[in-house]
> 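Attaching a single structure in structure tokens format; questions to follow.
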Amino acid sequence: MPHYFASDFHLGAPNHEESRAREARIVRWLDSIRHDAESLYLVGDLFDFWFEYGTVVPKGHVRLLGRLAEWCDSGIPVHIFTGNHDLWMFGYLERELGATVHRGPIRCEIGGKRFFVGHGDGLGPGDHGYKFLKKIFTNRFLQWAFGWLHPDIGARIAVFSSRRSRAAQPEDAFVRAEDEWLWAYADRKLGQYPDLDYFVFGHRHLPLDLPLHNGRCRYINLGEWFSGCSYAVFDGERLELKFFEQK
């Protein structure tokens, strides 16, 4: 039975109306695949901002969260990976939905194939500015201190920061595999784990399916759901990129 992968929904961005329409499309996709899904991997940045306060979570996204709860309740494993926009998951989704939350890349076996799965932020060469920021964002004391801000203030700061970050880093088009830093990271990682069959990442916002230098292992980037609506499905034999509601 198929295993499904998707990432970078960024619910909440850029505004309520567009986010609601995107959420409805995601829910339609989940409904269309639920009948045969063996598992679901959501590989980071489900939300454009997510921070779990002691008794408060960001409002909205109830249609997606409700569907994921239904999947978990019916016995379909749902794996959620934190991304650079929703790092601050502290247990709510595990308790309320029954999902498994991963806070870093994992190696796992699916249908007899070996996978390396992660959002992709902070991996590979360069981007030292973000890597420094990520250390700040994951510092337990600073998370605790941020949690004392009123949620309205914290959310406003986060949304402002997210919009500035997106505006300052427009997406680049694909040129060649060697220029893809996540591809380069995966190619080097094969030296450590030569038995891997697939590297699966999000973050790049560009659907890619590229062979690595050994010719057997492949690098898959899942793309995004602002316009592309791309995802991957593993049928037990091969992992394939697909597109939802695209003509």
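Since this is a predicted model, take the numbers as computed values, not measurements.
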> Could you tell me whether Phe115 and Phe5 have their ring centroids closer than 6.0 angstrom?
yes
> Looking only at atom types and distance, does a side-chain atom of Arg216 sit under 3.5 Å from a main-chain N or O of Leu196, one as donor and one as acceptor?
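Yes, the answer is positive, given that a donor and an acceptor are paired below the 3.5 Å cut-off.
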> Would you check, one step at a time, whether the test side-chain contact (heavy atoms from CB on, under 4.5 Å) holds for Thr82 with His102?
CA-CA 6 Å; Thr82 59; His102 304 279; over 6 Å; no
> Run the ring pair (Phe, Tyr, Trp, His ring centres under 6.0 Å) test against His3 and tell me which residues pass, sequence neighbours left out.
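With neighbours one apart ignored, the set is empty.
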> Nearest 0.5 Å, what's the CG-CG distance between Asp209 and Leu239?
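Interatomic distance, Asp209 CG to Leu239 CG, rounded to 0.5 Å: 7.0 Å.
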> Looking at Glu52 and Tyr92, would you say the former's side chain and the latter's main chain have a donor-acceptor pair under 3.5 Å?
yes
> When you check the gap from the basic side-chain N to the acidic O, do Arg176 and Asp179 get nearer than 4.0 Å?
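Salt bridge present between Arg176 and Asp179.
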> One thing to verify: whether Glu94 and Arg103 come together as a salt bridge, which I'm taking to mean a side-chain N less than 4.0 angstrom from a carboxylate O.
yes
> With Arg107 as the cation and Tyr193 as the aromatic partner, state whether NZ or CZ is under 6.0 Å from the six-membered ring centre and within 45° of the axis.
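Yes.
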> Counting only N and O atoms by type, is there a donor-acceptor contact under 3.5 Å from the side chain of His85 to the main-chain atoms of Asp48?
yes
> Which residue is it: Asp8, Asp121, Asn84? I am looking for the one with a side-chain hydrogen bond (donor to acceptor under 3.5 Å, both in side chains) to His203.
Asn84
> On the six-membered ring of Phe201, is Arg218 placed so that its NZ or CZ lies under 6.0 angstrom from the centre and within 45° of the ring axis?
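Cation-pi check for Arg218 and Phe201: fails.
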> Taking Asp195 as the fixed residue, which of Arg114, Lys189, Lys113 is the one that meets the salt bridge (Lys or Arg N to Asp or Glu O under 4.0 Å) rule?
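Going through the options one by one, the only one that passes is Arg114.
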> Looking at Ser19 and His16, would you say the former's side chain and the latter's main chain have a donor-acceptor pair under 3.5 Å?
no
> Suppose clustering is done on Ile, Leu, Val, Met, Phe, Trp and Tyr with side-chain heavy atoms closer than 4.5 Å. Which residues sit in the same group as Met1?
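The other cluster members (ILVMFWY side chains, heavy atoms under 4.5 Å, direct or chained): none.
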> Determine, using ring centers only, whether Tyr53 and Phe51 are less than 6.0 Å apart.
yes
> Carefully, step by step, assess Glu17 and Arg20 under the rule side-chain contact (heavy atoms from CB on, under 4.5 Å).
CA-CA 5 Å; Glu17 291 74 20; Arg20 175 68 69 83; 5.9 Å; no
> Can any side-chain N or O of Ser230 pair as donor or acceptor with the backbone N or O of Leu222 at less than 3.5 Å?
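Yes, the answer is positive, given that a donor and an acceptor are paired below the 3.5 Å cut-off.
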> Quick one: does any side-chain atom of Asp86 pair with a main-chain N or O of Phe49 as donor and acceptor, under 3.5 Å?
no
> Please say which of Glu224, Arg22, His205 ends up in a side-chain hydrogen bond (donor to acceptor under 3.5 Å, both in side chains) with His10.
His205
